[in-house]
Amino acid sequence: MARLEILRYPDPRLREVAEPVAAVTPEIQRLVEDMAETMYDAPGVGLAATQVGVKLRIFVIDIADEDEPSNLLVFINPELLEREGTQIWNEGCLSFPGVAEEVKRAEHVRVRALDAQGQPFELEAEGLLAVAIQHENDHLDGVLMVDKLSALKRKLIGRKLAKQASASP
Ligand code: GNR
Ligand code: NI
């Protein structure tokens, strides 16, 4: 297993639209393991392949608390089938270190995807899991949480991250 480098905004690769996975091969399974290790190491509740510079429709999520057993969810070629209601969550993103902003999302989603074995599954989610699924699915389309904010907030966050980038080695 290996930890992967997480791209930071405004890296242009975060804006690329990911392509479907043709087949869940051992190489894809290795990538999924590396993504999970990278997510746990960060730590984050989710990670999309786009964030590690891989243009494939894959994300991993684990919303289990520290005192709970881990529960890795793997989504390959995910499709959002239903979105219902609205909720506002204070979101973070590993590609925006130190940023947390309230984002409006659907309260309930139904998603279909392939798991790490290439088997199709469907899942209904609400609360944080629904937020994470929408956040990660957006990454696969090059959509970032700042796109859901006002132009002013986006500009302030852009400046903050530019400052961080010039301050860190
Ligand atoms: O670690 C993460 N936390 C988080 C909190 C609220 C809503 C969404 C997220 S996802 C984020 C990890 C990440 O950047 N995934 O793309
Ligand atoms: Ni993110």
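Being a predicted model, the structure only gives us computed values, none of them experimental. Order of appearance sets the numbers: ligands from 1, and atoms from 1 within every ligand.
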Please say whether more than 12 non-hydrogen atoms of neighbouring residues, nucleotides or ligands are located less than 6.0 Å from [atom1] in [X].
{"X": "Arg3", "atom1": "CZ", "result": "no"}
{"X": "Glu5", "atom1": "CD", "result": "no"}
{"X": "Arg154", "atom1": "CZ", "result": "yes"}

Which pairs count as salt bridge (Lys or Arg N to Asp or Glu O under 4.0 Å) when at least one residue sits in residues 81-106, sequence neighbours excluded?
Glu82-Arg110, Glu91-Arg105, Glu101-Lys153, Arg105-Asp138
Side chain proximity check, Glu136 to Val60, heavy atoms < 4.5 angstrom:
no
Taking the side chain as every heavy atom from C-beta outward, state whether Arg57 and Asp141 have any pair of such atoms under 4.5 Å apart.
yes
Would you give the length of the straight line joining atom OH of Tyr9 to atom CZ of Arg15, rounded to the nearest 0.5 angstrom?
6.0 Å
So, taking the atom named CD in Gln51 and the one named CG in Leu144, what distance separates them when rounded to the nearest 0.5 Å?
8.5 Å
Name every donor-acceptor pair, under 3.5 Å, that has one atom in a side chain of residues 64-78 and the other anywhere in the protein, sequence neighbours excluded.
from: Glu68; atom 1: OE1; to: Asp65; atom 2: N; distance (Å): 2.9
from: Asn77; atom 1: OD1; to: Val21; atom 2: N; distance (Å): 2.7
from: Asn77; atom 1: ND2; to: Val21; atom 2: O; distance (Å): 3.0

Pocket residues of ligand 1, ordered first by chain and then by residue number (heavy-atom cut-off under 4.0 Å):
Gly44, Val45, Gly46, Gln51, Asn90, Glu91, Gly92, Cys93, Leu94, Val131, His135, Glu136, His139
Listing protein N, O or S under 2.8 Å around the Ni ion (ligand 2) gives Cys93 SG, His135 NE2, His139 NE2
